[in-house]
Number of protein chains: 2
Amino acid sequence: MKKTQAYIQANQPRFLEELLDLLRIPSISADPAYAGDVRRAAEFIANNLRQSGADQVRLEETAGFPVVYGEKIIDPNAPTVLVYGHYDVQPADPLELWESPPFEPVIKDEIIYARGSCDDKGQVFMHIKAFEAMLATNNLPCNIKFMIEGEEEIGSNNLAIFVANNKDLLQADVILISDTAIIANDIPSIDVGLRGLSYLEVTVQGPNRDLHSGVYGGAVANPINILCEMIASMHDEFNQITIPGFYEAVQELSASDRAAMAQTPFDLDAYQKDLGIASVHGEKGYSTLERASIRPTLDVNGIWGGYIGEGAKTVLPSLAHAKISMRLVPNQSSEKITQLFTDHFKSIAPKGVKVTITPHHGGEAYVMPTDTIAYQAASKALAETFGKEPVPTRGGGSIPVPTVFEKELGIKSVLMGFGLDSDAIHSPNEHFGLFNFYKGIETIPHFFKHFYALSTK
Amino acid sequence: MKKTQAYIQANQPRFLEELLDLLRIPSISADPAYAGDVRRAAEFIANNLRQSGADQVRLEETAGFPVVYGEKIIDPNAPTVLVYGHYDVQPADPLELWESPPFEPVIKDEIIYARGSCDDKGQVFMHIKAFEAMLATNNLPCNIKFMIEGEEEIGSNNLAIFVANNKDLLQADVILISDTAIIANDIPSIDVGLRGLSYLEVTVQGPNRDLHSGVYGGAVANPINILCEMIASMHDEFNQITIPGFYEAVQELSASDRAAMAQTPFDLDAYQKDLGIASVHGEKGYSTLERASIRPTLDVNGIWGGYIGEGAKTVLPSLAHAKISMRLVPNQSSEKITQLFTDHFKSIAPKGVKVTITPHHGGEAYVMPTDTIAYQAASKALAETFGKEPVPTRGGGSIPVPTVFEKELGIKSVLMGFGLDSDAIHSPNEHFGLFNFYKGIETIPHFFKHFYALSTK
């Protein structure tokens, strides 16, 4: 292990240079205009895996973007770790809010600024480099398989199909994922839960054409006003979601679990100050940490309609649109919730408008038991490199794949992320600390060491 | 009068060609990108007035776009008609819904398709050509003054200043405006009332940056959800506006006036069919005609926020925006209502967001008594050319200038429009019938004849 860590130390500058090259590829999976770049990112990952010593490296084609596969089988009887991550990134807009171009990485005060630096290129790359280091220093105790996809930001639909069709290829004892955050650089943590997601796009049509708001205003349903009323009606005065049956399957946390959660270090003032808000806002009866992790939500992610250009236009528009997503918690089915939303949204539309609803993508919530070998190995690894026991936390974000892996492969995923909530992923000026990048590379070999030890004792 | 009508008949093709040239100029006053074109339209109007025989033709500069002035004083003691209109037009978007380019006029089935064809270039041009015909045939019984502005679609703020500074120049006995519609080509009508306007832009800010909706969703106020709730709360279950004091000054129509209005020919089925709606939608207790004319409204003209691009982005945005306008009725002060809206909108914002409000422009409602010489002259003129008595109607649109003229010059305006509500003004595929264009040119000399007769008897 000493040799491995020395190798990592010695090669840090090169590891960083390689990551910056990867970050320069605008692999935005949501926007067809970048399809070629997404594929370039896949090829970059594949080449880097080969250079790092992986075998069988190839792009597994799907109906969408390819899955990069690679492996190193050191001993058929040794435990196998399947590393999952994604090389696609979120759109970069609003571009004007970036202090440096999203795909021209810059390092300022020991922090890498670029779209994808944290989510998830930077974290995927930690695994490739840790693998290189373990291999180069004859310190790889487990077999390793890589499965790096290019559609995580758009729902991983084709990955699910790929996994279902390649169960033998993907057999492993644990899936290791770094696509989440720790509480702080001096407070290590491991995500033991993730929220699910249901994402839809809705369109409300009023008249069959844009109208003059003076000639028709007051007499014809304005689709924007109606859309606002429909959206507003989906939360009650306690900020609970009003869709009938929405909370039916929700798994309530036990009093002891909530008490444990309340112990998680959290500074409300610092939180509000960081976001520039005078007050938090959410479901009555739950703490901010709970609202952002163990409770389901309904957020409008985008809305548009009518005249949004310069100046004023007195139009009564024909159409209004919104992108709406719901974060789900354990036992809520994404498919079921999508159906409940669709039925309810149509039912509350007044007679003067037509409503169309298009589901975008979804994913199920996930929970990782802390008494598993995988969790224990991650916990010990972080304890060694951070010098203190990690806190088990529940994340609010959604990574649909752990549920897919569990369903298709029967394998649990350990979410050993090294980002920070303040890394502004999905936002302008996304960044990732050099400390976090290097700490991840340093920690991963310890995970392999402990996972091997715990698996074979 | 025979000679004048014969002249008009003989020159119809040229009149049309000249109008099409005017329609080819994209004089969009709301969009700074078209500033040069707006000025070109002003120069076109000025040149055409000169060619038609007007004197003193000039561009009167303002802080914004110029006012085109021209006159013909035949006898200081004769009555004077001041013709008002505007050469600026609404933005043309959404462009993709136009069947032919908005500024490349085409004539299909006797109808001119182009932005501004009806509102208001086509109708302004009727007056210039009717003037040319009267002058060329020695049939101009009154003095005439033209005041054609370029900022009607953005609130006419500079026109108000121009009028206040040129009271002597603009002295007249009546102001004649064609910027409204008749009920149908076989049901002539004259607008005796217009609604006022208060137009504002609002911004709701939640967090100081776009956030990941998974990490923060449920715990932080989403400005789009909040904006929707605020907008929704501005109408109650009877579709009445909830701003405190909003209805205080509203002039209620007498039972007899409402009964008279109920006599206006109106086909609800045809109305709904034309708009492609299953039902009308508006304030409880009022008919569709009343909702669209004698009652105030609150419409969202545009809304935007968050991710509105292709696909899905799980963002909890920092900002949400809306353009909101209120149509006002007699005795409601635009300034007062703007203030009431501002105070109320700020008061209903929850603690987790910041609200900023920018008033765009406003205008007062207007009523024209039917017992005036001006109305009588217009009524007789339409009766002659349409073969039946026109119906006095209340329009829902807003032309701020009549109130300005009354306040500054003490002169009433007669709204003798020749468009149709179905002309899609402010919408894609705006159009104006050749019948309406020629009927307007034919009718205007009759107005001058009757106005002279009634003024001098």
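Hydrogens, waters and symmetry mates play no part in the numbers below; they use all other heavy atoms, side chains included. Protein chains get the first letters and strands the later ones, always in sequence-line order, with residue 1 at the start of each.
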Under a 4.5 Å heavy-atom criterion, the part of residues 283-291 of chain A in contact with chain B comprises A:E283, A:T288, A:R291

Chain B shares the most heavy-atom pairs under 4.5 Å, among A:P428, A:A322, A:G305, with A:G305

Turns out that what part of A:L194 lies under 4.5 Å from chain B's heavy atoms comes down to neither

Given A:T358, A:N208, A:T180, the one with more heavy-atom pairs under 4.5 angstrom with chain B than any other is A:N208

Okay, A:R295 and chain B: the region with an atom under 4.5 Å from a heavy atom over there is neither

Whatever's closer than 4.5 Å to a heavy atom in chain A on B:Q205 counts as neither

Rounded to the nearest 0.5 angstrom, the CD1-NE2 distance for A:I303 and B:H321 is 12.0 Å

Minimal heavy-atom distance between B:C228 and A:A232, with the atoms involved, is O-CB, 4.0 Å

Practice prompt. Take atom CZ of B:F345 as the centre, draw a 6.0 Å sphere, and report whether it contains more than 12 heavy atoms from other residues, nucleotides or ligands.
Written response: yes

Check whether A:N225 reaches the backbone of B:D299 with its side chain - one donor and one acceptor, N or O, closer than 3.5 Å. no

Pair count under 4.5 Å, heavy atoms only, with chain B: among A:V300, A:L197, A:T297, highest is A:V300

So, the part of A:E153 with a heavy atom under 4.5 Å from chain B: the answer is backbone

Of the listed A:N429, A:D421, A:D31, the one with the largest count of heavy-atom pairs under 4.5 Å with chain B is A:D421

- Between A:N301 and B:V315, is there a donor-acceptor pair closer than 3.5 Å when you use the side chain of the first and the backbone of the second? yes

Within residues 306-313 of chain B, the residues sitting under 4.5 Å from chain A by heavy atom, in sequence order, are B:G306, B:Y307, B:I308, B:G309, B:E310, B:G311, B:A312, B:K313

Applying a strict 4.5 Å limit to non-hydrogen atoms, the region of A:L97 in contact with chain B is neither

In terms of heavy-atom pairs under 4.5 Å with chain B, the winner among A:L316, A:I226, A:D93, A:I154 is A:D93

Under 4.5 Å to a heavy atom of chain B? For A:P32 that would be side chain

In this structure, OG1 of B:T314 is separated from NE2 of A:H360 (nearest 0.5 Å) by 12.0 Å

Of the listed B:V220, B:V353, B:I324, the one with the largest count of heavy-atom pairs under 4.5 Å with chain A is B:V220

Residues 212-219 of chain A vs chain B, non-hydrogen distance cutoff under 4.5 Å, contacting residues -> A:H212, A:S213, A:G214, A:V215, A:Y216, A:G217, A:G218, A:A219

With a cut-off of 3.5 Å and sequence neighbours excluded, list every side-chain donor-acceptor pair involving residues 271-278 of chain B.
| residue | atom | partner | partner atom | Å |
| --- | --- | --- | --- | --- |
| B:Q272 | OE1 | B:V280 | N | 3.1 |
| B:D274 | OD1 | A:R209 | NH1 | 3.4 |
| B:D274 | OD2 | A:R209 | NH2 | 3.0 |

Honestly, the part of A:P91 sitting under 4.5 Å from a heavy atom of chain B is both

Next item on the list: Taking B:D210 for its side chain and A:S427 for its backbone only, find out whether a donor-acceptor pair lies under 3.5 Å.
Entry: no

Ranking A:K351, A:K354, A:R327 by heavy-atom pairs under 4.5 Å to chain B gives rank one to A:R327

Check: If you draw a 6.0 Å radius around CZ in A:F246, do more than 12 non-hydrogen atoms from other residues or ligands fall strictly inside?
Finding: yes

Under 4.5 Å to a heavy atom of chain B? For A:S279 that would be both

